[in-house]
Amino acid sequence: MANEVRLRFPPSPTGYLHIGGARTAILNWLYARKHNGKLILRIEDTDAERSTEASIQGIMDGLNWLGIDWDEGPYFQTDFTGDHQAAGQKLLDTGKAYKCFCTKEVLDAKRQAALAAKQEVRYDGTCRNLSPEEIADQEAAGIPSVLRFKVPERDGSVGYDDKVLGRIEQKYCEISDFVIVRSNGKPLYLLCNVVDDIRDRISHVVRGQDHKDNTNRQILLYEALGAPVPVFAHMPLTLDTKKAKISKRSHGEIVAVHWYRDHGFLPWAMINFLCLLGWSAGDDREIFSKDELLEAFTLERINKSNAVFNYKKDDPKFITDPKLLNINAHYLRTMDLEELAVLVKKELESAGIWQAAYGGERKGWFLKTLDMSRERFYTLKDFSTEGRAWFADDFAMCPKALKKNVRKHDQLREWLPELADRMAALDDFSADETEKAARDFAEEKDIKPGIPINASRAVLTGQIKGPSMFEVFAHLGKETVVRRLRESGRWFEK
RNA sequence: GUCCCCAUCGUCUAGUCUGGUCCAGGACACCAGCCUUUCACGCUGGCGACAGGGGUUCGAAUCCCCUUGGGGACGCCA
């Protein structure tokens, strides 16, 4: 099939999958899926110094968690070194590349000098027109050489029609001869990438705008190798609030996909959010099911300008971009309860507070607990932290609740056990009856109903907020309510 | 230094190609009110942007030019 849609996600395994990479993978995946095409995972591990096994696994784990599936691969670039070398040799044989004997040290020095002097930085062409004799002499002297691509001396420009940016052109004379094969015989990214894309019959290349200028040089390679040029779409970069490129090195875990997995985020919420960073459907929709997203997605609607990942360090209220939190909460609060139950089970298990009964005879209770509490939760983590009191007695007390609703009234020390007795005496432990009991109690003591009610919330759930307290009474159950009220003395001890 | 790209509320964005329906719409965040004897949800309202300057035009966020700002590339990294 000549017109088959084939895309690839080619991460270099030099660290975990970060949100920028995930975004690239997502857009490639969306386009492939939308057009019944193929997505190929290709690990670009030619940088032996920095590539690690762990990052390969980490990247695949990240993709799997997100639900991004691929049809071919993972292929490993280093398995095709032969192809890359053959291509380099072909370019040398056809006069489209030449051997360059300039040493790295000399080149580095020249580049640094040019940069320092604020002068043009480019290869000066020292070896571009060496005679066969000169080449033979250098080789006889044992001087190692790299292979450099010979940029054609043509007027005009090389260019392409980018699906996102429009027409991109660069004059031939602005492009300096670039190295395609190292002196140790190992081919470099620019070449490998093109050779692999040709072999994998890639039809669309969707990548970050940091590759924009590479594309012109790669088009030269496609032409020199006599291969058709794929469609290119350069997506905007993800920047931090200071407009610096998001990177593993400077931002750490907060940009790692696994961080979101470990902090109770939902894979689809991540995908939804990441898509919105640099793309929009053109209408006011922001929440998309998979089908809706596939329907709405086009390369042309990807934005041209870079997007800021709005993460502010040291903001306790927002552990990450507020919009991501909001989207995650949306899915958490609206998703199918049974599906949510599976995820919360994992969370409770890892917190060590899962009980088999939640999946058995208490399943109905478990599901209702989730439904009651998810209204004010943002991540799965909240079920084992804020919502811990539903599942375990060793919950912590929110300091604010302790101060405002418990220790504020010394008499609560006596009142709460008394209230426990009232509750214990109830036959029908319903929301209505517990409400009546609590209100009657307040009336008898001539205190505001809020005092015993809010104190109960604190002592029973550890929280200052939560669902209607009477529903909490009823749902927590008589035994737990009575016990925790009776044992509330411990909260008064300093 | 050279080349390339970009530029609308704090953030993500709609609108730009095909000038008028935009004294610029939505979302998140923020603020206020309602609801709720809690908190949240929800609802209502508010705050808040066309980077600046020229030009073209009856009319410009939209077209052109300049300036400024931001980003990227210029590697025997990918």
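Letters go in sequence order (proteins before strands), and every chain restarts at 1.
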So what's [N] paired with, Watson-Crick or G-U wobble, going by both distances under 3.5 Å?
N      : value
B:rA78 : none
B:rU16 : none
B:rU36 : none
B:rA60 : none
B:rU2  : B:rA73
B:rG45 : B:rC31

Interatomic distance at [atom1], [N] relative to [M], whole Å:
N      : M      : atom1 : value
B:rU56 : B:rG75 : P     : 44 Å
B:rU18 : B:rG53 : C1'   : 27 Å
B:rC41 : B:rG59 : C1'   : 46 Å
B:rG25 : B:rC4  : P     : 36 Å
B:rC6  : B:rC66 : P     : 14 Å
B:rA29 : B:rG48 : C1'   : 11 Å
B:rG10 : B:rG20 : P     : 25 Å
B:rU11 : B:rC58 : P     : 37 Å

Identify which one of A:Tyr123, A:Tyr222, A:Phe178, A:Tyr98 satisfies the ring pair (Phe, Tyr, Trp, His ring centres under 6.0 Å) criterion when paired with A:Phe149.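 When ring pair (Phe, Tyr, Trp, His ring centres under 6.0 Å) is applied between A:Phe149 and each of A:Tyr123, A:Tyr222, A:Phe178, A:Tyr98, only A:Phe178 qualifies.
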
Taking the six-membered ring for Trp, are A:Tyr160 and A:His234 ring centroids under 6.0 Å apart?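 Yes, they do, as the ring centres are separated by less than 6.0 Å.
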
Centroid-centroid distance, A:His211 to A:Tyr189, less than 6.0 Å: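 Ring centres of A:Tyr189 and A:His211 closer than 6.0 Å.
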
Measure [atom1]/[X] against [atom2]/[N] and give the value in whole Å, please.
X        : N      : atom1 : atom2 : answer
A:Gln77  : B:rA78 : CD    : P     : 8 Å
A:Arg217 : B:rG72 : CZ    : C1'   : 12 Å
A:Ile175 : B:rG72 : CD1   : C1'   : 15 Å
A:Asn214 : B:rG72 : CG    : C1'   : 10 Å
A:Asn328 : B:rA40 : CG    : C1'   : 16 Å
A:Phe232 : B:rC4  : CZ    : P     : 19 Å
A:Ile453 : B:rU36 : CD1   : C1'   : 12 Å
A:Leu115 : B:rC3  : CG    : P     : 15 Å

Would you classify [X] as touching base, sugar-phosphate or nothing, given that sugar-phosphate means primed atoms plus P, OP1 and OP2, and contacts are heavy atoms under 4.0 Å?
X        : answer
A:Lys212 : base
A:Gln119 : base
A:Glu169 : sugar-phosphate
A:Arg285 : nothing
A:Val179 : sugar-phosphate
A:Cys102 : base
A:Ile464 : base

Taking the side chain as every heavy atom from C-beta outward, state whether A:Leu39 and A:Arg8 have any pair of such atoms under 4.5 Å apart.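 A side-chain contact under 4.5 Å is absent here.
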
Less than 4.0 angstrom from a charged side-chain N to a carboxylate O is my criterion; do [X] and [Y] meet it?
X        : Y        : result
A:Lys381 : A:Glu347 : yes
A:Arg285 : A:Asp283 : yes
A:Asp210 : A:Lys245 : yes
A:Glu174 : A:Arg122 : no
A:Lys368 : A:Asp371 : no
A:Arg376 : A:Glu386 : no
A:Asp197 : A:Arg42  : yes
A:Arg167 : A:Asp161 : yes
A:Arg217 : A:Asp213 : no
A:Glu444 : A:Arg422 : yes

Any N/O donor-acceptor pair, A:Arg376 side-chain to B:rC39 base, under 3.5 Å: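 When only heavy-atom distances are counted, A:Arg376 does reach the base of B:rC39 through a donor-acceptor pair under 3.5 Å.
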
Base of B:rA27 paired with side chain of A:Asn326 (donor-acceptor, under 3.5 Å):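 No such pair is found, so the answer is no.
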
Residue [X], side-chain atoms from C-beta onward, closest of [options]:
X        : options                : value
A:Asp210 : B:rC77, B:rC41, B:rG72 : B:rG72
A:Tyr378 : B:rU11, B:rC41, B:rA78 : B:rC41
A:Ser183 : B:rC76, B:rC5, B:rA29  : B:rC76
A:Lys245 : B:rC28, B:rG72, B:rU38 : B:rG72

Tell me whether the ring of A:His211 lies stacked over the B:rA78 base, given a 5.5 Å limit on centroids and a 30° limit on the plane angle.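 Whether judged by distance or by angle, A:His211 passes, so it stacks on the base of B:rA78.
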
Protein N or O to nucleotides 12-15 of chain B N or O, pairs below 3.5 Å:
{"residue": "B:rC12", "atom": "OP1", "partner": "A:Val308", "partner atom": "N", "Å": "2.7"}
{"residue": "B:rC12", "atom": "O2'", "partner": "A:Leu276", "partner atom": "O", "Å": "2.7"}
{"residue": "B:rU13", "atom": "OP1", "partner": "A:Gly278", "partner atom": "N", "Å": "2.4"}
{"residue": "B:rU13", "atom": "O3'", "partner": "A:Ser280", "partner atom": "OG", "Å": "3.4"}
{"residue": "B:rA14", "atom": "OP1", "partner": "A:Ser280", "partner atom": "OG", "Å": "3.1"}
{"residue": "B:rA14", "atom": "OP2", "partner": "A:Asn303", "partner atom": "ND2", "Å": "3.3"}
{"residue": "B:rG15", "atom": "OP1", "partner": "A:Arg301", "partner atom": "NH1", "Å": "3.2"}
{"residue": "B:rG15", "atom": "OP1", "partner": "A:Arg301", "partner atom": "NH2", "Å": "3.4"}

Are [X] and [N] close enough that a side-chain N or O sits under 4.0 Å from OP1 or OP2?
X        : N      : answer
A:Arg182 : B:rC77 : yes
A:Arg111 : B:rC76 : yes
A:Thr46  : B:rA78 : yes

Protein heavy-atom contacts under 4.0 Å, written 5' to 3' over nucleotides 30-35 of chain B as B (base), S (sugar-phosphate only) or - (none), form the string S-----

Both A:Lys104 and A:Gln209 contact RNA chain B. Which one's nearest nucleotide lies toward the 5' end?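 Residue closer to the 5' terminus by nearest nucleotide: A:Gln209.
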
Start at the 5' end of RNA chain B and walk down; is the nucleotide closest to A:Glu120 or to A:Pro10 reached first?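 Result of the comparison: A:Glu120.
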
